[in-house]
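Only this structure's heavy atoms are used, side chains among them; waters, hydrogens and symmetry mates stay out.
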Amino acid sequence: MNNGEILKVQGLNVSYGESKVLFDAGLRVMQGQVGDLRGSERRRQNHFAQDDCGFFEADLRIGPLRRYRPGRSDVLRHRQDGAQYIPQDKKVFSDLTVRENLELGSYATKDYNWDQVTEHFPRLKGLMDRKAGYLSGGERQMLMIGRAILGKPKVLLIDEPTEGLAPSIVAHLKNAFKELSKKSALVIVEQNLPLVCAISDKIYALKEGHMVAELADRESIQARVCEQYL
């Protein structure tokens with residue numbers, strides 16, 4: 001890998017039968033960067049995030065780390081030295097408490113340092129004994145991200161993290177993403193344009209399954225520029 005390059009995707013093609021949804025797509029993210037996928041077709045962007053984490057065959061390399069392709073049935077979808085995918089559905093183990101959800105993450109990663117979770121999401125500290133099914137959408141998202149950072153993954157792939165959430169939660173996640181990017185590279189599929197422009201170091205524009213632009217400077221990462229790719 002090049003110096004500082006933590007995630008590289010090349011020649012990613014995805015088809016369903018005769019229908020092809022991604023064509024030779026690719027991206028590169030450096031250590032400590034936040035990358036975002038933009039486009040008007042959410043389904044294609046979501047496939048890209050999922051495929052990055054190995055749900056389909058792709059030429060994916062994560063820094064000097066081993067290739068990682070978790071199975072569809074792997075609920076935690078984690079490897080201690082690899083990538084963690086946080087899906088859009090905000091699904092948690094509803095019948096288990098917040099504490100028990102975190103215990104599952106710790107069991108998978110052997111990382112029992114929950115202080116790193118409550119440091120980013122202090123609200124969870126007072127909810128440890130609450131069943132996850134009774135959490136708000138924002139609290140579930142915090143729990144999913146908190147569980148994902150156990151094991152200190154090198155890459156976090158986050159699918160539509162702010163969809164349907166209150167502005168106060170979005171503001172909190174914005175700050176959390178900035179802090180998380182100091183330890184992990186982030187690749188986010190997100191429709192909230194102000195948030196994207198505020199936190200992203202790179203924006204990749206996807207149109208009709210093709211990667212059509214890479215924006216990598218502050219002058220380009222502006223709403224007026226990004227809007228043309230919606």
Exceeds 12 heavy-atom contacts within 6.0 angstrom, atom OH of Y134: no

Pair Q84-R147, side-chain contact (heavy atoms from CB on, under 4.5 Å): steps then yes or no: CA-CA 10 Å; Q84 173 70 295; R147 191 175 62 190; 5.9 Å; no

Can you give me the closest heavy-atom contact between [X] and [Y], atom names plus distance?
| X | Y | result |
| --- | --- | --- |
| Q141 | P161 | NE2-O, 2.8 Å |
| Y107 | Y112 | CA-OH, 3.8 Å |
| V29 | L186 | CG1-O, 4.4 Å |
| S200 | I221 | O-CD1, 3.6 Å |
| G105 | L150 | C-CD1, 3.9 Å |
| L165 | G137 | CD2-C, 3.6 Å |

Show me the pairs that pass salt bridge (charged side-chain N to carboxylate O under 4.0 Å, His left out) and involve residues 171-180, at least two apart or across chains. E179-K182

Any salt bridge (charged side-chain N to carboxylate O under 4.0 Å, His left out) involving residues 122-133? Give me the pairs, sequence neighbours left out, ordered by first then second residue. R99-D129, R123-E139

Does the [X] side chain pair with the main chain of [Y], one donor and one acceptor, at a distance under 3.5 Å?
| X | Y | value |
| --- | --- | --- |
| H120 | N175 | no |
| E100 | T97 | yes |
| E163 | Q88 | no |
| S106 | L102 | yes |
| Y204 | R28 | yes |
| S220 | L215 | no |

When you compare the side chains of S181 and Q33, does any donor N or O come within less than 3.5 Å of an acceptor on the partner?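 Distance-only check fails for S181 and Q33.
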
Any non-hydrogen side-chain atom of [X] less than 4.5 Å from a side-chain atom of [Y]?
| X | Y | value |
| --- | --- | --- |
| L124 | V117 | yes |
| L27 | V187 | yes |
| D36 | I199 | no |
| W114 | E119 | no |
| P122 | M142 | no |

Please determine whether side-chain contact (heavy atoms from CB on, under 4.5 Å) holds for the pair L135 and L127, giving the CA-CA distance in whole Å, both sets of side-chain angles, and the decisive distance to 0.1 Å. CA-CA 9 Å; L135 300 179; L127 298 171; 4.0 Å; yes

Nearest 0.5 Å please: distance from the [atom1] atom of [X] over to the [atom2] atom of [Y].
| X | Y | atom1 | atom2 | answer |
| --- | --- | --- | --- | --- |
| D159 | M144 | CG | CE | 9.5 Å |
| K154 | S184 | NZ | OG | 8.0 Å |
| N101 | L143 | CG | CG | 4.5 Å |
| H172 | T162 | NE2 | OG1 | 13.5 Å |
| C197 | E190 | SG | CD | 11.0 Å |

Excluding sequence neighbours, so at least two apart, what forms salt bridge (Lys or Arg N to Asp or Glu O under 4.0 Å) with K202? E214

Go through the steps to decide whether V34 and F177 satisfy the test side-chain contact (heavy atoms from CB on, under 4.5 Å), and finish with yes or no. CA-CA 8 Å; V34 179; F177 291 149; 5.7 Å; no

Connected via hydrophobic side-chain network under 4.5 Å: M128 and F121: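 Linked within one cluster.
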
